[in-house]
> 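Could you have a look at this structure, given as structure tokens, before my questions?
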Amino acid sequence: MRYSLVFLLATALAAQTAPKLAISGDLPAPVELELTGLPRATATLLDEKSNRRVPYEGVPLEAILQKAGLPLGKDLRGKALATYLVAEAKDGYQVVFSLGELDPSLSGARVIVADRREGKPLSDYEGPLRLVIDGDKRPARSVRMLQKLEVVRLRK
Ligand SMILES: Nc1nc2c(c(=O)[nH]1)N[C@H]1C(S)=C(S)[C@@H](COP(=O)(O)O)O[C@H]1N2
Ligand SMILES: [Mo]
């Protein structure tokens, strides 16, 4: 009895510290990724209340897309460029990005899936995961409570 309680608590804690991102749609197979073990990067986001750029830390989105089997770098050409992603949040908020604009080898974009803000885990209001587009002049595309990326490839 006591052991199962400890197990439940440990599972709950692990679930809390390792948030998952679902990626589905036009890719080899739908995946649910944990960010642990992936490369890390930083990006800043404008806080409109203080008019200050706040540092976030997380995993470069291209590392996640690569792990999910999407074509990037030299493989991202031709019909594959007619691919877009819908970033979806827990509250239903959605933002669309083309795959081309997310590939640093094309656009130089630095987009991260952040799990930390100024060194601390994200609050429930914005986390556990938030999309941060480094250099965006307004935070409107920075999807809070990011849960899912839906991939749509228009030309097969
Ligand atoms: N999930 C979710 N993310 C969202 C929004 C939202 O309504 N839901 N609003 C966007 C808009 S329009 C802005 S300006 C910023 C505001 O971020 P902040 O509340 O952390 O300042 O979040 C963006 N991300
Ligand atoms: Mo906004």
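Whatever order the structure lists them in is the order used to number ligands and atoms, beginning at 1. Here the structure is a predicted model, which means the values were calculated and not measured. Only this structure's heavy atoms are used, side chains among them; waters, hydrogens and symmetry mates stay out.
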> Can you pull out every salt bridge (Lys or Arg N to Asp or Glu O under 4.0 Å) where at least one residue sits in residues 21-36? Sequence neighbours excluded, please.
D26-K156
> Apply side-chain contact (heavy atoms from CB on, under 4.5 Å) to residues V59 and L33 and explain how you reach the verdict.
CA-CA 11 Å; V59 173; L33 284 180; over 6 Å; no
> Quick one: do V96 and Q94 satisfy side-chain contact (heavy atoms from CB on, under 4.5 Å)? Show the steps, please.
CA-CA 7 Å; V96 170; Q94 294 177 313; over 6 Å; no
> I need the minimum non-hydrogen distance between L122 and A114, along with the two atoms involved.
CD1-O, 3.5 Å
> Could you pull out every N or O of ligand 1 that sits under 3.5 Å from a protein N or O, with the distance for each pair?
unit_1: ligand 1; atom_1: 1 (N); unit_2: D91; atom_2: OD1; d: 2.9
unit_1: ligand 1; atom_1: 1 (N); unit_2: D91; atom_2: OD2; d: 3.3
unit_1: ligand 1; atom_1: 1 (N); unit_2: R144; atom_2: O; d: 3.0
unit_1: ligand 1; atom_1: 3 (N); unit_2: R144; atom_2: N; d: 3.0
unit_1: ligand 1; atom_1: 8 (N); unit_2: D91; atom_2: OD2; d: 2.8
unit_1: ligand 1; atom_1: 17 (O); unit_2: R130; atom_2: NH2; d: 2.9
unit_1: ligand 1; atom_1: 19 (O); unit_2: Y125; atom_2: OH; d: 2.4
unit_1: ligand 1; atom_1: 20 (O); unit_2: R130; atom_2: NH1; d: 2.9
unit_1: ligand 1; atom_1: 20 (O); unit_2: R130; atom_2: NH2; d: 3.4
unit_1: ligand 1; atom_1: 22 (O); unit_2: R130; atom_2: NH2; d: 3.4
unit_1: ligand 1; atom_1: 24 (N); unit_2: S142; atom_2: O; d: 2.8

> For the salt bridge (Lys or Arg N to Asp or Glu O under 4.0 Å) test, which of R40, R116, R130 pairs with E57?
R40
> For the backbone of R53 and the side chain of D47, can you confirm whether one donor and one acceptor N or O come within less than 3.5 Å of each other?
no
